[in-house]
Each structure stands twice: as C-alpha cells, then as structure tokens.
A.B. asks: 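Got a structure here, written out as structure tokens. Questions coming.
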There are 2 protein chains.
Amino acid sequence: MIDIPRLNEYLQLFKEFSIDDAKFFFSLTRQRKLKSGELYVQAGEMHRKVAHIKSGLMRAYFINENGEEVTIFFRKEDHQIAPYDCIFANKPSRMFIEAFEDTTLYEVDYEKLQEFMARHPQYEKARLHFHQKLLMETFLRLEKFILMPPLQRYQYFVKENPELVQRVPDKYIASILGITPGSLSRIRKRIKQKG
Amino acid sequence: MIDIPRLNEYLQLFKEFSIDDAKFFFSLTRQRKLKSGELYVQAGEMHRKVAHIKSGLMRAYFINENGEEVTIFFRKEDHQIAPYDCIFANKPSRMFIEAFEDTTLYEVDYEKLQEFMARHPQYEKARLHFHQKLLMETFLRLEKFILMPPLQRYQYFVKENPELVQRVPDKYIASILGITPGSLSRIRKRIKQKG
DNA sequence: GTTAAAAGTTAACCTTTGTTAATTTTTAAA
DNA sequence: TTTAAAAATTAACAAAGGTTAACTTTTAAC
C-alpha cells in the first residue's frame with residue numbers, strides 16, 4: 001500500500017533530480033544481499049559507506065565491557081544505515097551492524113557520495129533533510145531518557161514503534177531502552193496489572 | 001589563548017567564504033544581549049532563529065508533568081543554539097531556553113539563513129559540518145544512557161565536560177544525567193569512598 | 001559583615017533495577 | 001511432530017534510585 005504523504009515528501013525532495021543525475025548516481029551504488037544474522041559492519045572497521053535498505057531489517061549494537069551485546073538501534077526498509085562514528089568522525093566504527101532479517105540494500109562509498117554532492121550542490125537540500133530527520137529522531141530518544149523512567153519509556157517506545165515491537169524479540173527492545181530483559185518483563189507485568 | 005587546531009578547522013570550513021558574502025551574511029544577523037536568568041525562548045513559541053553565542057552560557061530545559069524544570073543541555077560561547085524541534089519539525093518549541101550567565105549572541109532568522117544558503121550552495125559544506133557535529137554529540141550522549149548506569153555516566157560526563165561541571169551547580173548536571181540531585185550526591189559520596 | 005536564599009548533603013523509607021539461576025513458554029529446526 | 005534452542009518469565013537477594021524532609025554548607029544580596 002502506498003503512503004501518499006510520505007511519497008509526496010520524497011517527491012518534493014527529489015523533484016529537481018534530473019533523470020541523468022539519477023542514472024549517474026545509481027551507477028555509483030551497488031546492491032548487496034545479506035542473510036539474516038550476517039554481519040555487515042565489524043567494529044574496528046573503516047566502513048565508510050552509506051546504505052539504503054530496500055527490504056529487511058538491520059541491527060546496530062555495541063559490545064560492552066562484560067562482553068555482552070547492547071543493541072542501540074534498528075533500521076528497516078526504506079531507511080538508511082551507516083556507522084555514524086566512522087563516517088562523521090572518520091574513525092574506525094565502534095559499532096557492529098548485522099542483518100536481522102534477510103536484507104537487500106544499495107550502498108555507496110561515502111567519498112563518492114561526497115564527490116557527487118560537490119558537483120551537484122542543488123541536492124544538498126535533500127541531504128540536509130535526511131540529516132535533520134536523523135538528528136530529530138536521536139534528540140527525541142535522548143529526551144526520553146532524561147525525562148522518563150523505564151516504564152514510561154517503554155510505553156512511549158511501543159506507541160512510537162508498534163511495528164518494531166512486533167518484529168523483534170523483547171530482549172532487544174529492553175536493550176534499546178537501557179534496561180535488562182528481566183526488568184522489562186516486570187514492567188510488562190506491572191502494566192498488565194494496573195492497566 | 002588561541003586553540004590552533006580548532007581555529008584551523010574553522011578556517012578550512014570558511015576558506016571559500018568571500019569577504020562580500022561574509023559582510024552580507026553578517027548584515028542578516030542582529031546582536032542580542034541577555035542578562036543572566038533572562039528567558040530567550042518560551043515553550044509554545046515559534047522561535048525560528050539560530051543564534052551564535054559570542055560569550056556567555058545558555059540553558060535549555062523542559063517542564064515535566066510535575067511542573068519541574070528538567071535541564072536538557074547547556075551551550076556555551078563559540079557554539080550555536082536553537083530550539084531544534086521548532087526549526088527542524090516546524091512546530092512550536094517545546095523547550096525553554098534561558099541565559100544562564102550574561103550572554104551576547106548573534107541571531108539570524110532561519111528563513112533568511114535558508115535563502116542565503118539557497119543562493120550560496122558552496123557553503124552547504126560548512127552547514128553540513130555543524131549538523132554532523134551536533135548529530136555525533138547527541139548520539140554519543142544517547143549511547144551513554146543505553147550503555148552506562150548513572151555512576152559511570154556521571155564520571156564520563158565530568159571527564160568530557162570538566163569546565164561545565166565547574167561552571168554550573170550540580171543539580172543541573174544531575175538533571176542532564178537523568179537523575180535527582182540527591183542521587184547525584186550519593187554517587188559523589190560513593191566515588192569518594194571507593195576511589 | 002550580616003542575612004537570606006540557593007545548593008548540597010543526609011537519613012528514612014519505599015520502589016525499582018540488576019544479578020543469578022531456575023522454570024516456563026515460544027520459536028525454529030530437524 | 002518431535003526436539004532443541006531461544007526467549008520470556010519468575011523468584012530471591014543485593015544494590016541503587018526516587019521522594020520527602022531536615023539539616024548543613026555555600027553563595028549572593030544587602
């Protein structure tokens with residue numbers, strides 16, 4: 001089913017995108033298919049690529065001092081994924097990124113993207129849009145940590161990400177919320193009891 | 001004292017900035033002086049302006065459901081400040097921003113900034129840089145909430161912001177860390193005792 | 001320098017989380 | 001369908017945070 005407002009948003013962004021530019025840009029990308037569970041970015045790696053997820057689900061995580069995986073975010077189809085620290089800070093990625101479901105994505109070297117943008121500054125507006133969206137998303141998440149205790153954080157998260165909550169086991173949701181699976185389990189129980 | 005690497009970073013960003021453009025851009029800005037404690041942005045207000053802080057310190061905060069102020073960030077001299085939600089989401093600001101010390105800033109209407117950038121796309125690179133820096137900062141803060149318990153979060157914060165910790169009473173630091181002043185006080189005690 | 005206000009600390013009490021380990025339920029594989 | 005693996009729940013205990021209120025210290029105002 002087509003999401004009209006969203007499609008419109010995209011069309012606005014790319015309305016000045018000429019067919020030739022689009023073709024050329026597409027020629028810079030390459031398709032990759034990943035099996036569920038397959039590692040896409042390794043911590044320590046200089047992975048200076050940005051990917052558009054055509055279909056599937058990706059998971060980014062750290063490994064903490066106890067050797068445990070700590071999930072920091074998921075990105076699904078029609079969204080972009082990259083190890084931010086590597087690209088923005090030009091340092092080896094500190095995060096791992098894996099395919100959480102079978103995933104198809106298109107990736108482009110960040111350097112090539114930079115060249116393209118340098119030659120076609122008229123598209124900076126579109127890029128800015130993506131950056132601002134990501135910044136707002138990140139800032140909103142941060143806000144919840146400052147303002148809400150875990151129970152409310154969970155309720156808010158479910159409201160904002162109903163689909164993801166269905167698509168992913170609770171232990172990953174707990175991780176994103178900064179709590180343990182046991183604690184999340186108790187929170188769910190409390191919500192059930194009280195309403 | 002001059003911070004050479006930082007100055008260099010700026011010079012790189014603005015090396016293509018012509019004198020005429022700089023003059024014109026400056027003509028779009030206006031200086032404002034705020035007394036310590038003076039409100040700069042009111043929640044509910046459409047404050048579509050971006051400000052460069054020349055000197056002083058600004059504080060952004062929410063008012064939570066209990067009517068308490070919850071500080072979300074400080075911004076000091078040589079940095080930029082704006083109510084992100086208002087500018088990026090084009091909705092009334094949900095945050096308050098006040099001068100925490102006597103502050104001088106230069107502000108520009110976001111619309112005028114947009115016009116300027118549309119006419120001078122060569123400066124998008126500089127803008128992108130600021131956005132990426134802010135995004136990295138925000139993402140790093142979020143990371144700490146997911147990965148660290150309050151005690152470590154505090155220690156990390158002090159390490160990363162030694163100056164701010166000196167400059168601002170502890171209760172604001174506690175708020176930024178998502179804990180109560182009482183809890184921060186106990187944390188400090190624990191650190192003293194154990195080392 | 002005195003005084004009032006703000007900030008910081010502490011204590012008591014309750015709530016919640018983390019940890020560990022056992023148990024149950026669910027999911028996926030054979 | 002059976003079986004094994006993964007996820008979720010639960011319990012017991014210790015550790016930590018929230019709340020409230022009293023008290024101390026620090027800061028700022030007069």
Side-chain angles (χ1 to χ4, degrees), chain A residues 35-38 57 59 61-71 74 98-102 144-158 164-195, chain B residues 35-38 57 59 61-71 74 98-102 144-158 164-195:
Chain A
K35 283 277 165 208
S36 175
E38 194 175 337
L57 186 62
R59 177 174 79 103
Y61 60 95
F62 286 107
I63 302 235
N64 71 11
E65 46 194 13
N66 301 323
E68 298 152 347
E69 291 186 3
V70 180
T71 299
F74 285 91
E98 67 165 19
F100 198 76
E101 297 171 359
D102 291 351
K144 304 315 166 202
F145 273 95
I146 301 177
L147 289 164
M148 296 178 176
L151 190 145
Q152 277 152 271
R153 223 147 67 216
Y154 172 66
Q155 289 180 314
Y156 181 85
F157 188 88
V158 171
L164 192 63
V165 173
Q166 298 288 24
R167 208 162 161 183
V168 157
D170 277 347
K171 64 171 188 166
Y172 299 101
I173 305 297
S175 185
I176 284 180
L177 295 172
I179 59 179
T180 56
S183 184
L184 178 54
S185 195
R186 282 180 298 212
I187 285 173
R188 289 160 57 92
K189 190 198 232 176
R190 250 180 285 152
I191 292 173
K192 261 186 203 163
Q193 287 171 348
K194 303 200 173 171
Chain B
K35 283 277 162 207
S36 175
E38 193 175 337
L57 185 62
R59 178 175 77 103
Y61 60 94
F62 286 107
I63 302 234
N64 71 10
E65 46 194 12
N66 301 323
E68 299 151 346
E69 292 185 2
V70 180
T71 299
F74 286 90
E98 67 165 19
F100 197 75
E101 296 173 358
D102 290 351
K144 306 312 168 202
F145 274 95
I146 301 178
L147 288 163
M148 296 177 176
L151 189 145
Q152 278 154 270
R153 223 148 66 217
Y154 172 66
Q155 289 179 315
Y156 181 84
F157 188 87
V158 171
L164 193 62
V165 172
Q166 299 288 26
R167 209 162 160 184
V168 156
D170 277 349
K171 63 172 187 165
Y172 299 101
I173 306 296
S175 186
I176 284 179
L177 295 172
I179 59 180
T180 56
S183 184
L184 178 55
S185 196
R186 283 182 296 213
I187 284 172
R188 287 160 58 91
K189 190 198 232 173
R190 249 181 284 152
I191 292 173
K192 261 186 203 164
Q193 287 172 349
K194 303 199 173 172

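By convention in this document, chain letters (A, B, ...) are assigned in the order of the sequence lines, proteins followed by strands, and residues within each chain are numbered from 1. Note that this is a predicted model, so its numbers are computed, not measured.
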A.B. asks: D:dA16, C:dA12, C:dA7: which one has an atom nearest the side-chain heavy atoms of B:Pro169?
C.D. replies: C:dA7
A.B. asks: Return yes if some donor-acceptor pair links the side-chain N/O of A:Arg153 with the main-chain N/O of A:Met148 below 3.5 Å, else return no.
C.D. replies: yes
A.B. asks: If you look at every strand shown and take non-hydrogen atoms under 4.0 Å, does A:Pro150 touch a base, only sugar-phosphate, or nothing?
C.D. replies: sugar-phosphate
A.B. asks: Is a donor on one side and an acceptor on the other found under 3.5 Å between the side chain of A:Asp102 and the backbone of A:Ser36?
C.D. replies: yes
A.B. asks: Grab the CD1-C1' distance between B:Ile179 and C:dT16 for me, whole Å please.
C.D. replies: 15 Å
A.B. asks: Atom CZ of A:Arg153 and atom P of D:dG17: how far apart are they, to the nearest Å?
C.D. replies: 13 Å
A.B. asks: What is the nucleic acid contact for A:Ile187, judged by heavy atoms within less than 4.0 Å: base, sugar-phosphate only, or nothing?
C.D. replies: sugar-phosphate
A.B. asks: Please report the shortest heavy-atom distance between B:Phe100 and B:Arg167, naming the atom on each side.
C.D. replies: CE2-O, 4.5 Å
A.B. asks: Take atom OH of B:Tyr154 and atom P of D:dG17, then tell me their distance rounded to the nearest Å.
C.D. replies: 13 Å
A.B. asks: In whole angstrom, what separates B:Phe145's CZ from C:dT17's C1'?
C.D. replies: 16 Å
A.B. asks: Whole angstroms only, please: what is the CG-C1' distance between B:Asp170 and D:dT26?
C.D. replies: 12 Å
A.B. asks: Is it the case that the side chain of A:Asn64 and the backbone of A:Asn66 share a donor-acceptor pair, with hydrogens and angles ignored and the cut-off at 3.5 Å?
C.D. replies: yes
A.B. asks: If I take atom CG in residue A:Leu147 and atom C1' in nucleotide D:dG17, what distance separates them, rounded to the nearest angstrom?
C.D. replies: 17 Å
A.B. asks: Let me spell it out: for each of B:Gly182 and B:Tyr172, pick the nucleotide of DNA chain C with the closest heavy atom. Which residue's pick is nearer the 5' end?
C.D. replies: B:Tyr172
A.B. asks: Would you say a side-chain N or O of B:Arg190 is under 4.0 Å from OP1 or OP2 of D:dG17?
C.D. replies: yes
A.B. asks: Mind checking whether A:Val168 and A:Arg59 have side chains closer than 4.5 Å, heavy atoms only?
C.D. replies: no
A.B. asks: Reckon A:Ser183 has a side-chain N or O less than 4.0 Å from the OP1 or OP2 of C:dG18?
C.D. replies: yes
A.B. asks: Can you find a donor-acceptor N/O pair under 3.5 angstrom joining the side chain of B:Arg186 to the base of D:dG18?
C.D. replies: yes
A.B. asks: As a test of reading the structure: which of D:dT9, D:dA11, C:dT10 is closest to the side chain of A:Lys189, going by heavy atoms?
C.D. replies: D:dA11
A.B. asks: Is the phosphate of D:dG17, meaning OP1 or OP2, less than 4.0 Å from a side-chain N or O of B:Thr180?
C.D. replies: no
A.B. asks: In whole Å, what is the span from the CE atom of A:Met148 to the C1' atom of C:dT16?
C.D. replies: 18 Å
A.B. asks: Could you check how far CZ of B:Arg188 sits from P of D:dG17, rounded to whole Å?
C.D. replies: 14 Å
